[in-house]
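Read through the structure below, which is laid out as structure tokens, and then see the notes.
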Amino acid sequence: MPLVAQGVADLFNFVDYSKQSLALSAAAIAFNPTFWNIVARREYRTKFLTRAFGGNAQVACYFLAATIFGLGLFRDFLYERALRDQPSHPLLEGTNVNYAAYALLGLGNLFVITSTLRLGITGTFLGDYFGILMDHIVTGFPFNVTSAPMYYGSTMCFLGTALLYGKPAGLLLTAWVLFVYIVAIQFENPFTAAIYAKRDRERAKAAGTGKKEL
């Protein structure tokens with residue numbers, strides 16, 4: 001165990017904390033889920049985006065989806081630039097590490113792509129907050145593996161990229177990604193569940209009213 005701890009400590013001795021690109025990457029990682037949660041909750045309460053698009057919730061959701069996608073590309077650009085500015089470590093170089101990196105990238109992208117196909121654009125990009133609700137809970141792959149395949153798939157992609165570049169700083173940023181996503185899940189899941197619970201109550205009330213009229 002002491003040898004493992006020493007090895008981990010040695011890895012992070014190869015992180016150059018003075019590089020501005022490292023801080024910028026960490027900031028972008030934290031900013032994105034913070035941004036979309038704040039915007040989506042404000043939309044749910046005030047419909048400000050829907051109103052901005054003439055009352056069309058679908059178009060407003062697509063606009064937010066495009067914004068989130070663009071921010072994701074910018075975050076990935078900053079992450080890659082941060083890795084390029086950092087020193088490599090011999091333990092993160094070699095054929096086996098590359099195999100692990102490609103496996104993580106493949107599995108991570110599989111999770112992200114298949115979850116998007118399952119949910120659609122509005123289901124993936126917070127359509128619930130716009131009043132665009134799904135009829136049923138999605139239980140097929142990859143949701144039968146994890147309830148948050150988009151987040152965990154993205155985390156695997158970050159880790160795979162870190163290993164591919166052989167950069168301990170990438171491992172550190174991946175841990176930060178995982179932490180940020182876990183915090184985001186704690187905020188998103190209860191709020192989304194409350195949205196659907198409200199929908200179900202309204203449906204039950206409407207069904208009860210219909211029976212009384214009969």
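Counting begins at 1 with the first residue of the sequence. The analysis underlying the following values was restricted to heavy atoms, covering all of them including side chains, and did not include hydrogens, waters or symmetry mates.
The heavy-atom pair separating M156 from F111 by the smallest distance is CE-CD2, 3.7 Å. When all heavy atoms of N37 and A184 are compared, the closest pair comes out as ND2-CB, 4.3 Å. Taking all atoms of both residues into account, the shortest heavy-atom contact from V112 to G153 is CG2-C, 3.9 Å. For the pair T155 and T174, the tightest heavy-atom approach, listed with the atom from each and the gap, is O-CG2, 3.8 Å. When all heavy atoms are compared, the tightest approach of G108 to C157 is C-SG, 3.7 Å. Scanning both residues, L172 and V15, for their nearest heavy atoms gives CD2-CG1, 4.2 Å.
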Notebook entry, point to check: What do the steps show when you test F31 against F74 for side chain to side chain contact (heavy atoms under 4.5 Å, CB included), and what is the final call?
Noted result: CA-CA 11 Å; F31 174 80; F74 184 60; over 6 Å; no

Margin query: ring-ring contact (aromatic ring centres under 6.0 Å, His included) for Y44 and F191? Distances and angles first, verdict last.
Written below: CA-CA 10 Å; Y44 179 76; F191 200 86; 5.4 Å; yes

Note to self: Run the side chain to side chain contact (heavy atoms under 4.5 Å, CB included) test on Y152 and I185 for me, step by step, so that the C-alpha distance in whole Å, both residues' side-chain angles and the decisive distance to 0.1 Å come before the verdict.
What the structure shows: CA-CA 11 Å; Y152 292 122; I185 289 169; 4.0 Å; yes

Check: How far apart are the C-alpha atoms of I137 and F143, what are their side-chain angles, what is the distance that settles it, and do they pass the side chain to side chain contact (heavy atoms under 4.5 Å, CB included) test?
Finding: CA-CA 10 Å; I137 296 174; F143 292 92; over 6 Å; no

Next item on the list: Please lay out, stage by stage, how V97 and L91 fare under the test side chain to side chain contact (heavy atoms under 4.5 Å, CB included).
Entry: CA-CA 8 Å; V97 174; L91 286 178; over 6 Å; no

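Few gaps surround CG on L117; more than 12 heavy atoms of other groups in view lie less than 6.0 Å from it. Under a cut-off of 6.0 angstrom, the local environment of OH in Y99 is sparse, with at most 12 non-hydrogen atoms contributed by other residues, nucleotides or ligands. Around CZ of F179, the count of heavy atoms belonging to other residues, nucleotides or ligands within 6.0 Å does not exceed 12. Residue-environment remark: CD (Q186) exceeds the threshold of 12 foreign heavy atoms within 6.0 Å. The environment of F187 atom CZ is sparse: at most 12 non-hydrogen atoms of other residues, nucleotides or ligands sit within 6.0 angstrom.
Criterion: ILVMFWY side-chain heavy atoms under 4.5 Å apart, direct or through other members. Under it, L73 and I113 are not part of a common hydrophobic cluster. In the hydrophobic clustering of ILVMFWY residues, with side-chain heavy atoms under 4.5 Å counting as a link, V39 and V59 come out together. Under the 4.5 Å side-chain heavy-atom criterion for grouping Ile, Leu, Val, Met, Phe, Trp and Tyr, L71 is not connected to L24 through any hydrophobic cluster. Residues L178 and F12 share a single hydrophobic cluster, defined by chaining ILVMFWY side chains whose heavy atoms lie under 4.5 Å apart. Both I132 and Y196 belong to a single network of hydrophobic side chains, linked directly or stepwise wherever heavy atoms of I, L, V, M, F, W or Y lie under 4.5 Å apart.
Residues satisfying the salt bridge (Lys or Arg N to Asp or Glu O under 4.0 Å) test with E93, not counting sequence neighbours, are none. By the side chain to side chain contact (heavy atoms under 4.5 Å, CB included) test, N98 pairs with Y102, L164, sequence neighbours left out. Residues passing the side chain to side chain contact (heavy atoms under 4.5 Å, CB included) test with T124, sequence neighbours excluded: T116, L119, M150. Scanning for salt bridge (Lys or Arg N to Asp or Glu O under 4.0 Å) contacts around R199 gives an empty result, with sequence neighbours left out.
Here Y165 contributes atom OH and Y79 contributes atom OH; the two are 9.5 Å apart, rounded to the nearest 0.5 Å. The CZ atom of F14 lies 12.5 Å from the CG atom of L171; values are rounded to the nearest 0.5 Å. We find the CH2-OG distance between W176 and S25 to be 11.0 Å, quoted to the nearest 0.5 Å. Between the CG atom of L133 and the NZ atom of K198 there is a distance of 10.0 Å, given to the nearest 0.5 Å. With values rounded to the nearest 0.5 angstrom, I68 atom CD1 is found 8.5 Å from N32 atom CG. I121 contributes atom CD1, which lies 12.0 Å from atom CG of L126 (distance to the nearest 0.5 angstrom).
Here the rule is side-chain contact (heavy atoms from CB on, under 4.5 Å) with F130, and of N56, L49, T122 only L49 fits it.
For the pair L173 and L22, the minimum side-chain heavy-atom distance is below 4.5 Å. For the pair L105/L163, no side-chain contact is recorded, criterion being any heavy-atom separation below 4.5 Å from C-beta on. Two residues are said to be in side-chain contact when any heavy atoms from C-beta on lie closer than 4.5 Å; Q86 and K19 meet this criterion. The closest side-chain heavy-atom distance from P149 to T114 is not below 4.5 Å. No side-chain heavy atom of W36 sits less than 4.5 Å from a side-chain heavy atom of T67.
Ring centers of F125 and Y62: at least 6.0 Å apart, outside the cut-off.
A donor atom on one side chain and an acceptor atom on the other are found under 3.5 Å apart for D85 and S21. Using a 3.5 Å distance cut-off with no hydrogens or angles, the side chains of Y151 and E188 do pair a donor with an acceptor. Donor-acceptor pairing under 3.5 Å is recorded for the side chains of S154 and Y181.
Under the salt bridge (Lys or Arg N to Asp or Glu O under 4.0 Å) criterion, no residue pair touches residues 40-66, with sequence neighbours excluded. Among residue pairs with one or both ends in residues 60-80, those qualifying as salt bridge (Lys or Arg N to Asp or Glu O under 4.0 Å) are E80-R84; sequence neighbours excluded.
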